[in-house]
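One is the number of the first residue; the rest follow in order along the sequence. Order of appearance sets the numbers: ligands from 1, and atoms from 1 within every ligand. Every value quoted in this text rests on a predicted model; they were computed, and no experiment measured them.
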Amino acid sequence: MCGIFAYSGPGDVTQTLMDGLRKLEYRGYDSSGIAFFSTDDRIQCVRACGDISELEKLLSDEVRESSGKTGVHSGMTSSMNGSGIGHTRWATHGAPTKDNAHPHRAGPFYVIHNGVIENEGELKNLIDPQSLASETDTEVIAHLLLRFYKEEKGDLVKSVFKTMNCLKGSYAVTVLCEERPGEMIAFKQGPPLALCKGEGWIISSDIYSVGEDVQEVIFLEDGEALFLKDQEFQIYDRQGRKIQKEFKIIPREQSLLDKKGFPHFMLKEIFEQPDVTRKILENSIHRHEGQLNVKPAGGDHESFNRLIKKVSSVRIVACGSSYFAGLFGKYLIEEFADVMVEVEPASEFIYRKAVFDTNTLILFISQSGETADTLTALNRVKEKGLKTISLCNVPNSSLDRQVDYGFYMQAGQEVGVASTKAFTSSLIWLILLAFHFSKERKTLSSEREKSLVKSLLQLPPYMEQVLGYEDFFLETAEALKTFSGFLYLGRGVFYPIALEGALKLKEIAYIHAEGYPAGEMKHGPLALIDKNKAVVALLPSEGILYDKTLTNLKEARTRGAEIIGLGGKDTSELKKLCNHYLPLPKLPEFLLPVLAVIPLQMMAYYISRSFGYNADRPRNLAKSVTVE
Ligand code: F6R
């Protein structure tokens with residue numbers, strides 16, 4: 001939440017900042033702003049409410065105006081070195097107004113911040129509250145810096161550490177000081193910040209925002225502070241001691257801010273799911289031998305295999321869609337590997353006494369690898385000396401860097417705020433992990449393994465087949481958009497998919513929806529059902545859960561609900577019972593959820609689109625949730 005992009009070096013500084021901010025906009029789009037040294041060594045600050053295009057408009061007006069007055073093209077240096085800081089905001093303290101947009105100023109200091117200062121109220125006693133011009137916690141940081149800078153007679157390092165020592169909460173901060181052209185400061189506790197070496201220096205919340213030619217990166221760790229001066233830099237540790245850190249070479253894909261002809265990233269990402277699945281399977285199975293080949297990308301695979309042989313239980317900790325994927329993982333790992341699994345939202349896990357046995361393996365699932373609650377949970381279990389693994393989509397993210405064994409979702413950059421392809425990647429990985437556990441624990445026969453591999457390979461073409469049912473998605477979306485509430489029902493492995501389907505609808509279409517275990521309906525939610533409600537039911541192809549879910553569906557139908565059914569069976573009874581029914585291709589039941597989630601994503605998307613909403617940027621949300 002909130003994106004930071006700062007640059008010091010040659011070329012067009014404002015252009016570089018704007019290019020970087022555009023790639024970080026997924027982190028917040030309430031407001032944005034930049035501050036940069038103009039050629040007369042004064043800092044020019046431009047802030048705008050709304051998305052980056054608003055800042056762009058304002059910037060060209062202000063730069064044009066200041067060029068007229070001073071004869072200089074502010075910030076637009078070419079061979080000379082310049083510097084500037086840029087911010088895109090997801091509002092926490094203070095409404096999304098221009099006054100609350102970053103950078104915030106105190107004396108010569110211009111500050112941008114990602115995070116939440118929890119003791120902001122208390123800190124106001126250390127500064128003159130009359131001097132505050134905004135409702136933000138960030139402005140307090142700027143005023144503290146100013147106070148300590150005066151007290152320490154211009155010693156920047158001491159002022160920064162005195163400031164950091166006062167702050168409670170989470171912060172990634174970048175600062176420009178008008179008295180010190182050519183210098184830039186950054187410090188952090190919690191949210192990510194990386195120093196990237198290119199033609200100049202970039203400090204950013206996310207290395208995806210930096211061109212692919214820039215591959216040398218230093219990740220700042222919590223408590224560290226970075227001082228950049230005349231193109232040289234020095235990092236200090238939490239105790240204020242100078243430290244040397246090596247650059248890591250991080251080859252990576254360029255930020256893919258190209259919708260490839262789709263109206264939204266979300267739709268593009270939904271359509272990428274078959275190829276993402278192909279890629280995961282290519283790297284994790286031996287197709288011809290019909291065998292699994294599951295290895296962590298980070299950490300030694302032999303020691304990982306030794307570890308999973310001896311684990312007594314698995315605890316999965318994650319948030320949002322990643323948590324729902326974790327619930328699916330529980331069904332799979334317990335069913336196929338016979339290992340007990342508990343799943344918990346990270347935000348609950350971190351504020352209670354959690355009891356483990358020492359052979360519990362903790363699995364963190366996170367698309368971004370930067371979710372604050374999940375990272376706090378990681379710190380908690382590391383303190384207890386437990387072994388940790390992650391399933392993460394962003395290599396070198398804070399989560400990936402700190403776990404014992406890291407698996408990569410391999411979904412490619414996910415730009416749409418609502419998770420789609422990262423969710424399905426998580427499902428695929430959890431299936432692979434469940435069977436890998438089973439194989440290593442000698443409960444998987446080679447026949448079973450071969451048949452699993454065969455079924456897995458059917459997934460990508462079947463996903464493509466499901467994506468082809470566009471007429472069904474459009475028709476149902478049109479028919480459903482007037483309903484005031486939705487219940488998504490499923491049992492067993494379909495229950496987590498029901499939760500995910502309801503979340504998608506809430507997030508991007510702003511319609512109240514609940515995911516529920518189908519059998520729990522009669523214990524309360526049935527009271528909600530009337531002709532204004534829609535029930536989306538996910539059915540297996542056969543067996544006791546099919547029969548039971550069908551009964552639950554009939555109960556809802558009897559009470560007047562509009563019924564949308566998805567499942568592995570194609571019968572006239574189902575078509576009669578449901579107002580809209582989509583049969584899914586035939587696959588073993590534990591794989592069917594991977595297909596079932598696609599229509600739920602598509603229906604949510606088309607309902608959202610029919611209202612004219614921007615599915616890529618749901619209101620009040622941001623992609624990377626770096627605050628608790
Ligand atoms: C839902 C969604 C969120 C995230 C959640 C966790 O569409 O995107 O619920 O799943 O914020 O994020 P990660 O997986 O990055 O930890």
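- Residue contact annotation: Val417 has a non-hydrogen atom under 4.0 Å from ligand 1.
- Cation-pi contact between Arg619 and Tyr510: present, with separation from the ring centre below 6.0 Å and deviation from the ring axis of at most 45°.
- The single protein non-hydrogen atom nearest to atom 6 (C) of ligand 1 is Cys319 O, 3.3 Å, given as residue, atom name and distance.
- Protein heavy atom nearest atom 12 (O) of ligand 1, with residue, atom name and distance: Thr371 OG1, 3.5 Å.
- Heavy atoms of other residues, nucleotides or ligands lying less than 6.0 angstrom from NZ of Lys387 number 12 at most.
- Salt bridge status for Asp206 with Lys23: absent, with no side-chain N to carboxylate O gap under 4.0 Å.
- Distances from ligand 1 to the non-hydrogen atoms of Lys504 include at least one value under 4.0 Å.
- Donor-acceptor pairing under 3.5 Å is lacking for the side chains of Thr136 and Asn100.
- Ring to ring, His264 and Tyr605 are close: their centroids are under 6.0 angstrom apart.
- Aromatic ring centroids of Phe336 and Phe437 lie 6.0 Å or more apart.
- In this structure, atom 2 (C) of ligand 1 lies nearest to the protein heavy atom Glu507 OE2, 3.6 Å.
- The aromatic ring centroids of Phe328 and Tyr323 lie 6.0 Å or more from each other.
- For atom 3 (C) of ligand 1, the closest heavy atom belonging to the protein is Ser321 N, 4.1 Å.
- Ligand 1 has no N or O atom lying under 3.5 Å from any N or O atom of Thr374, backbone or side chain.
- Which parts of ligand 1 touch Ser366 is read off a 4.0 Å heavy-atom cut-off, strictly below it: atoms 13 (P), 14 (O), 15 (O), 16 (O).
- For atom 11 (O) of ligand 1, the closest heavy atom belonging to the protein is Val625 CG2, 3.8 Å.
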